[in-house]
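Okay, structure first, notes after.
For clarity, every value in this text was computed on a predicted model and none was experimentally measured. Heads up: numbering here begins at 1 and tracks the sequence.
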Amino acid sequence: MDEPVIATSAVKHAPQVRIIDAEISIMKYKLKDAKIDWTKNFGVQGQFTTGNSYQFYTNQSIGNNPSEFATDSYEYYYNFGVFVRVPVDEFLRQKTKINVAKREIEKNLLYKEEKAMSIRKEVIMVYQDLLMRQELLKIKNEAQLTSRMQVQLAEIEFKNGALTLAEYARLVEFYTQNLYDNRTETFLFYRQYLILEELVGMKFNLLSEIE
């Protein structure tokens, strides 16, 4: 197993890091929304109208009898304009919203790095402890096998009268202690082994190396 590789895998596998990544994505959407929201202060407006106008005129300047006449005409009107609204308070709020969103993203990025560093440290400690327990387990296995052979030989000598009961009992007690230590170290090794697999999110092939 390569220590940097399993540490990197543990960071990618960690639910805490994935939660932070989701938070960063949300904040990026909020930042994008804050920038788009500013465009509501800009716009284009226009108007086009048409209609029929009727006009009636009376002319009394010529002769004694006034003359009257009417005209009928069509008129078209249109206007076009661009508007920009820049209220100072809204401008300041908009700038604040964008800055807050940016700072939130930066904060979550730093929190992600802090969490990743913590996970890498934990993985390194578990991994190193696992290697140490692997070596201890090999030693305990050898001690347990040696003490078992001693007990087997001592049993023969005790039956032949070449070994006292006290010496035989001492060897049996020594073998029992070695057996207990071996079982304890095996349990601790497998516990660290399973914890490391859980942290990294992958299965290892380290068990055969301690046989």
Side-chain angles (χ1 to χ4, degrees), residues 1-29 101-211:
M1 293 186 294
D2 188 4
E3 187 174 299
V5 172
I6 64 174
T8 301
S9 177
V11 172
K12 293 180 179 179
H13 176 70
Q16 306 98 315
V17 174
R18 297 202 299 270
I19 290 174
I20 297 172
D21 283 335
E23 289 290 340
I24 293 174
S25 296
I26 292 173
M27 293 311 305
K28 286 182 178 179
Y29 283 121
K102 288 180 178 180
R103 297 296 88 76
E104 286 289 340
I105 293 174
E106 292 177 5
K107 183 184 74 173
N108 279 280
L109 287 172
L110 291 173
Y111 182 55
K112 176 183 176 181
E113 182 57 32
E114 179 188 22
K115 181 59 66 175
M117 185 180 298
S118 176
I119 292 172
R120 285 193 291 267
K121 287 181 179 179
E122 182 180 6
V123 169
I124 290 172
M125 291 180 64
V126 173
Y127 178 69
Q128 292 296 330
D129 186 71
L130 182 64
L131 294 180
M132 180 190 69
R133 294 193 179 282
Q134 179 185 4
E135 294 302 316
L136 288 175
L137 189 54
K138 290 179 180 179
I139 295 172
K140 296 294 183 181
N141 281 336
E142 293 176 0
Q144 189 258 337
L145 290 174
T146 300
S147 61
R148 183 174 65 182
M149 292 177 59
Q150 289 177 338
V151 168
Q152 290 173 346
L153 293 175
E155 183 178 3
I156 295 174
E157 292 180 354
F158 175 72
K159 290 180 179 179
N160 293 332
L163 193 68
T164 64
L165 179 59
E167 187 65 22
Y168 176 69
R170 186 186 65 81
L171 291 174
V172 170
E173 182 181 1
F174 181 68
Y175 166 72
T176 303
Q177 184 62 47
N178 280 334
L179 184 60
Y180 173 80
D181 292 342
N182 179 267
R183 293 291 184 269
T184 301
E185 200 58 51
T186 300
F187 169 78
L188 294 175
F189 172 82
Y190 278 105
R191 185 178 66 182
Q192 291 297 86
Y193 188 90
L194 295 175
I195 289 175
L196 186 62
E197 285 187 336
E198 186 68 21
L199 287 173
V200 179
M202 65 172 63
K203 298 294 183 180
F204 303 121
N205 187 26
L206 189 62
L207 297 181
S208 59
E209 299 180 19
I210 65 170
E211 299 297 334

Would you give the length of the straight line joining atom [atom1] of [X] to atom [atom2] of [Y], rounded to the nearest 0.5 angstrom?
| X | Y | atom1 | atom2 | answer |
| --- | --- | --- | --- | --- |
| Ile24 | Ile19 | CD1 | CD1 | 12.5 Å |
| Leu199 | Glu197 | CG | CD | 10.5 Å |
| Leu145 | Leu179 | CG | CG | 10.5 Å |
| Asp181 | Leu137 | CG | CG | 11.5 Å |
| Ile139 | Asn182 | CD1 | CG | 12.0 Å |
| Leu153 | Phe158 | CG | CZ | 15.0 Å |

Counting neighbours of [atom1] on [X] that are heavy atoms of other residues, nucleotides or ligands and sit closer than 6.0 Å, is the number greater than 12?
| X | atom1 | answer |
| --- | --- | --- |
| Glu198 | CD | no |
| Met202 | CE | yes |
| Tyr168 | OH | yes |
| Met132 | CE | yes |
| Glu106 | CD | yes |

Yes or no on side chain to side chain contact (heavy atoms under 4.5 Å, CB included) for Leu171 and Leu163, after CA distance, side-chain angles and deciding distance? CA-CA 11 Å; Leu171 291 174; Leu163 193 68; 4.3 Å; yes
Assign the ring pair Tyr190 / Tyr193 to parallel, tilted or perpendicular, where the plane angle (0 to 90°) is split at 30° and 60°. perpendicular
Is the shortest side-chain N to carboxylate O distance from Arg170 to Glu167 below 4.0 Å? yes
Evaluate the side-chain hydrogen bond (donor to acceptor under 3.5 Å, both in side chains) criterion for residues Asp129 and Gln192: first the C-alpha distance (whole Å), next the side-chain angles of each, then the deciding distance (0.1 Å), finally the verdict. CA-CA 8 Å; Asp129 186 71; Gln192 291 297 86; 2.9 Å; yes
Looking only at heavy atoms, the pair that brings Tyr175 and Arg148 closest together is CE1-CB, 3.2 Å
Shortest non-hydrogen separation from Ile119 to Val17 and the atoms involved: CD1-CG2, 3.8 Å
Could you walk me through whether Arg191 and Phe187 pass the side chain to side chain contact (heavy atoms under 4.5 Å, CB included) check? CA-CA 6 Å; Arg191 185 178 66 182; Phe187 169 78; 4.2 Å; yes
Glu135: what forms a salt bridge (Lys or Arg N to Asp or Glu O under 4.0 Å) with it, not counting sequence neighbours? Lys138
Please identify each residue that fulfils salt bridge (Lys or Arg N to Asp or Glu O under 4.0 Å) with Glu114, with sequence neighbours left out. none
Only residue of Val11, Ile6, Thr8 satisfying side-chain contact (heavy atoms from CB on, under 4.5 Å) with Arg120 is Val11
For Ile156 and Lys159, run side chain to side chain contact (heavy atoms under 4.5 Å, CB included): C-alpha distance rounded to whole Å, both residues' side-chain angles, the deciding distance at 0.1 Å, then the answer. CA-CA 5 Å; Ile156 295 174; Lys159 290 180 179 179; 5.9 Å; no
Report the C-alpha separation of Val200 and His13 in whole Å, then their side-chain angles, then the decisive distance to 0.1 Å, and conclude whether the side chain to side chain contact (heavy atoms under 4.5 Å, CB included) test is met. CA-CA 6 Å; Val200 179; His13 176 70; over 6 Å; no
Hydrogens and angles aside, do Asn178 and Gln144 bring a side-chain donor and acceptor to less than 3.5 Å of each other? no
